[in-house]
Amino acid sequence: MAQYDFKATEKKWQDIWDKNKTFEAQDNSDKPKFYALVEFPYPSGAGMHVGHIKAYSGLEVVSRKRRLQGYNVLFPIGFDAFGLPTENYAIKTGIHPRKVTDMNIEKFTSQLRRVGFSFDWSRVIDTTEEDYYKWTQWIFLKMFENGLAFRDKTLVNYCPSCKVVLSNEDSQGGKCDICHSDIVQKSKDVWYLRITEYADKLLEGLKDVDYLPNIKLQQENWIGRSTGAFVNFTVTGTDEKLRIYTTRPDTLFGVTFMVMAPEHPLIDKYSGKIANMDEVEKYRDFCSKKSAFERTQLVKDKTGVKLDGFSAVNPVNGKEIPVYISDYVMMGYGTGAIMAVPAHDQRDYEFAKKFGIDIIEVIKGGDIEKEAYTGDGEMVNSSFLNGLTNKKDSIEKMAAYLQEKGLGEKGVQYKMNDWAFNRQRYWGEPIPIVHCPHCGMVAVPYDELPLRLPPVENFEPGTDGESPLAKIDSFVNCKCPKCGGDARRETDTMPQWAGSSWYFLRYIDPHNTEAFAGKDKLKYWMPVDWYNGGMEHVTRHLIYSRFWYKFLYDLGEVPVPEPYAKRTAQGLILGPDGDKMSKSKGNVVDPNEVVDIYGADVLRSYVLFMGDYEKAAPWSESAVKGCKRFVDRIYGLCDILTDSDEYSPELESSMHKAVKKVSEDIETLKYNTAIAAMMTLLNQIYDKGSITRAELRTFITLLNPFVPHVTEEVWQVAGFEGMLNQTQWPSYDESKCVDDEVEIAVQVNGKIKDKIMLPSDISAEDAIAAAKGSEKVAAALEGMSIVKELYVKGRLVNIVVKPA
RNA sequence: GCCGGUGUGGCGGAAUUGGCAGACGCAAGGGACUUAAAAUCCCUCGGUGGCAACAUCGUACCGGUUCGACCCCGGUCACCGGCACCA
């Protein structure tokens with residue numbers, strides 16, 4: 001067999017594709033469009049690892065197939081390059097982040113090109129370029145104009161090591177997402193984006209898109225919509241309302257105390273009324289010193305302080321109710337205060353037990369001596385609700401009562417919080433706002449965008465959580481765009497999620513200087529037809545970008561309400577040791593090495609063949625060799641080519657079956673079985689010893705999306721006209737996928753006794769008769785009486801017997 | 001704690017969604033070619049018993065439904081992912 005020189009061949013075809021602009025999308029085309037999107041990488045100094053290759057290979061195959069199917073395909077790539085790792089590297093080495101970013105992008109680009117991905121390289125974007133972040137700032141200003149970007153003083157998650165304020169998303173588990181130190185709570189004036197205003201739209205929109213079910217579910221849980229009621233309790237001796245949110249207003253008669261978050265504003269307002277303010281202050285101090293993690297830890301041992309001289313009145317029965325403060329109630333959810341029903345809420349129960357508060361049962365069915373009962377049951381001790389047994393009815397009845405008496409109303413709450421939108425760092429988009437002593441916060445005029453990052457020598461953040469930009473007087477000091485007086489610029493920058501929240505729109509028209517993208521082009525290309533990425537981005541990036549997009553939709557800037565028609569996710573590639581790949585474990589596989597030793601086609605086919613695309617699978621060096629053999633054997637087909645322009649009778653049905661199988665599997669992310677089917681066909685071809693021109697043409701077209709270099713080469717060696725990437729995706733004939741004769745299993749009482757060949761269109765009677773003709777079956781039927789006979793078409797015969 | 005997912009040979013994984021368990025690939029063993037090695041090609045490859053045809057057990061565990069269960073139902077265990085004092 002002729003030796004396949006993968007190095008020269010892969011380079012040759014990559015150069016040809018590049019020269020011919022083979023994969024550039026057309027903005028004007030009669031063809032149907034297909035927009036395939038993969039999550040653009042963060043260009044880290046470590047370079048890419050094979051996980052990136054797997055992430056892109058999925059839609060790479062789909063894109064190449066679509067082109068052969070006659071689509072105008074947009075399959076772009078870019079770089080999400082603002083962010084802390086680059087900045088930290090710059091601090092360590094003194095090299096400017098701009099330079100670091102350019103170096104890293106260059107490295108990533110060369111790696112990606114070596115794999116032969118069919119990206120449209122004319123549309124590459126970099127979120128850190130001025131003509132990109134100009135538009136990120138533009139969208140921010142639109143949000144500011146519409147009241148969706150605002151500043152608020154609140155407790156924030158603060159990382160003392162990185163010296164930045166973090167969003168809840170970036171501080172999960174009480175650890176900084178970047179450096180993993182403990183987060184502390186700090187009061188600070190920060191920027192927020194009012195994503196909660198879009199909570200319902202984000203939830204509603206999920207009904208109209210084709211996302212994997214678990215992706216939808218994670219988004220739903222993240223948004224965390226709950227329905228219930230707001231109830232106004234009156235603070236004893238005042239007109240003040242202490243407002244609470246509850247999902248179970250029907251348990252109002254079981255309220256025995258109330259709890260406010262330690263930061264609740266009513267505490268300060270009525271500090272004169274509260275007799276034990278010393279104790280209260282001490283407790284508040286104790287809470288603020290807890291890290292975010294400690295605070296959210298589920299602790300059995302509840303802490304809190306009773307407010308002396310401050311109580312409330314239960315609006316349904318006029319009972320006076322003690323009020324406590326405790327950190328198990330959060331200021332950030334609901335109203336920051338709750339009505340406590342210890343009989344039917346485990347947290348309230350624990351608190352009541354510790355503080356010796358009454359526990360009143362209002363729902364029958366549990367044992368409130370032991371624990372809170374949260375199930376359904378008959379309402380008791382509840383006046384007009386007594387006797388109701390259905391939770392829905394009792395909630396409705398109470399809600400109606402509250403409404404009628406003006407004591408409260410139905411309400412909805414979300415777990416999702418507004419998005420803390422700022423970093424006190426250099427390497428991010430400057431927030432284009434000016435603080436004027438007279439006019440307040442003023443937007444930088446649109447025609448002054450981009451607001452550029454100033455040149456800086458020292459990227460170290462300030463010790464007080466201030467951005468390095470605050471130290472640059474020439475940047476900070478400016479004139480107010482409104483009144484012309486002296487003013488100061490905002491020095492915070494945007495978080496890393498900003499640039500990636502709209503990048504898919506910029507690919508559509510990457511060089512536009514008048515708008516983030518032209519309306520006509522947006523209309524043609526949107527929505528993204530298929531978006532693939534990692535599960536880890538499902539609750540942050542995916543929600544953020546849907547939010548930005550829906551905002552732009554409401555402004556009339558984009559044409560359809562949802563950005564992504566379909567979303568899938570690939571599984572991780574684990575290290576050969578089965579652990580998650582990480583630099584510290586030293587189990588990272590570099591795609592460059594694989595391409596050097598085996599070639600791009602081998603790398604591409606292996607990452608798709610190694611297992612279920614959606615599941616994690618460990619890398620195996622030796623299994624890669626199997627794909628190497630596969631690619632070499634594909635090239636070897638040139639040696640056994642015959643002159644025939646038809647399918648041979650022996651392979652005809654196999655060819656049709658393979659086309660069907662591969663066509664279908666690509667659409668359902670079953671790349672592993674698609675490749676397996678092609679390996680099977682390849683084995684059949686070698687068993688037969690020859691391949692016709694018609695068979696070769698079909699076969700290498702099927703293979704082309706997976707292994708484009710070797711198939712393009714075989715196409716040329718075989719002397720087919722033009723180039724493989726310009727041919728058509730093969731079709732199949734359903735009727736030819738059926739064999740004339742099929743192997744039928746014969747069972748007696750469900751146990752296989754024999755296998756016989758029968759015509760595929762045989763009748764049930766004939767099949768059963770043929771089955772009985774088998775010697776082995778006859779032996780098993782000896783001395784038995786037949787109870788039942790079944791024939792499953794094309795599969796099996798089952799004869800049910802019992803002793804005669 | 002709550003929500004979701006997974007569990008199949010020595011390994012990665014298939015199984016037309018209730019119909020021949022183990023496709024395809026890796027590893028392993030045997031053989032051919034070679035002075036030799038690599039590469040390549042051929043054969044074997046879930047367990048047990050048997051020279052063999054064959055028998056028998058086998059999809060985490062226990063039970064159920066069915067002519068028939070990796071697949072459906074009930075329960076248990078283990079691992080992975082997400083959320084987590086959300087009122």
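Every heavy atom of this structure was used, including side-chain atoms; hydrogens, water molecules and symmetry mates were not. This is a predicted model, so every value here is computed, not measured. A, B, ... follow the sequence lines: proteins, then strands. Residue 1 opens every chain.
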Between C85(B) and K302(A), counting only base atoms on the nucleotide and side-chain atoms on the residue, is there a donor-acceptor pair under 3.5 Å?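 Side chain to base: pair found, below 3.5 Å.
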Among [options], which nucleotide sits nearest the side chain of [X]?
X	options	value
A617(A)	G13(B), C85(B), C20(B)	G13(B)
K755(A)	A87(B), C20(B), C3(B)	C20(B)
L217(A)	G19(B), G13(B), G4(B)	G4(B)
Y245(A)	A87(B), G12(B), C3(B)	A87(B)

Going by atom types alone, do T196(A) and D418(A) pair a side-chain donor with an acceptor below 3.5 Å?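 A donor-acceptor contact under 3.5 Å links the two side chains.
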S226(A) side chain to Y245(A) side chain, donor-acceptor N/O pair below 3.5 angstrom: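 Distance-only check passes for S226(A) and Y245(A).
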Main-chain N/O of [Y] paired to [X] side chain as donor or acceptor, under 3.5 Å:
X	Y	answer
T335(A)	R243(A)	yes
K410(A)	A399(A)	no
D348(A)	V341(A)	yes
Y606(A)	S620(A)	yes
Y349(A)	I368(A)	yes
H656(A)	D733(A)	yes

Does D740(A) CG have over 12 foreign heavy atoms under 6.0 Å away?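 Check fails, neighbour count at 12 or below.
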Looking only at atom [atom1], what distance separates [N] and [M], rounded to whole Å?
N	M	atom1	answer
A15(B)	C20(B)	P	13 Å
G75(B)	C24(B)	C1'	36 Å
A84(B)	C77(B)	C1'	24 Å
U8(B)	G58(B)	C1'	10 Å
A87(B)	G7(B)	C1'	37 Å

Does K54(A) make a cation-pi contact with Y613(A), if we ask for NZ or CZ under 6.0 Å from the ring centre and within 45° of the axis?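 Because its charged atom sits under 6.0 Å from the ring centre and within 45° of the axis, K54(A) does stack over Y613(A).
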Mind calculating the distance between [atom1] ([X]) and [atom2] ([N]) to the nearest angstrom?
X	N	atom1	atom2	answer
R540(A)	G81(B)	CZ	P	15 Å
R795(A)	A21(B)	CZ	P	13 Å
I338(A)	A87(B)	CD1	C1'	5 Å
M416(A)	A84(B)	CE	P	13 Å
L572(A)	U6(B)	CG	C1'	15 Å
Q218(A)	C2(B)	CD	P	18 Å
D345(A)	G1(B)	CG	P	17 Å
M331(A)	A87(B)	CE	C1'	13 Å

Anti or syn, where syn is a glycosidic angle within 90° of 0; which label fits G9(B)?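 Syn, which is what one calls it when the glycosidic angle falls within 90° of 0.
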Go through RNA chain B and write down every stem, that is, every run of at least three consecutive Watson-Crick or G-U wobble pairs with distances under 3.5 Å, as range with range.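 When the pairs of RNA chain B are grouped into runs of at least three, the stems are B:1-7 with B:77-83, B:10-12 with B:24-26, B:28-32 with B:40-44, B:46-49 with B:54-57, B:60-64 with B:72-76.
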Heavy-atom pair with the smallest gap, counting every atom of A55(A) and Q570(A):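 For A55(A) versus Q570(A), the nearest heavy atoms are CB-NE2, 3.3 Å.
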Given A87(B), is OP1 or OP2 found less than 4.0 Å from the side-chain N or O atoms of Y333(A)?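 For Y333(A), the contact criterion (side-chain N or O under 4.0 Å from OP1 or OP2 of A87(B)) is met.
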Ring centroid separation for F257(A) and F351(A), is it under 6.0 angstrom?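 Yes - the distance between ring centres of F257(A) and F351(A) falls below the 6.0 Å cut-off.
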Could you write out each protein N or O paired with an N or O of nucleotides 49-60 of chain B at a distance under 3.5 Å?
from   : atom 1 : to      : atom 2 : distance (Å)
C54(B) : OP1    : K776(A) : NZ     : 3.2

Are R567(A) and E39(A) within salt-bridge range, i.e. N to O under 4.0 Å?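 E39(A) and R567(A): salt-bridged.
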Classify every nucleotide of nucleotides 23-33 of chain B by which part a protein heavy atom approaches to under 4.0 Å, writing B for the base, S for the sugar-phosphate alone and - for neither, in 5'-to-3' order. BBSSS------
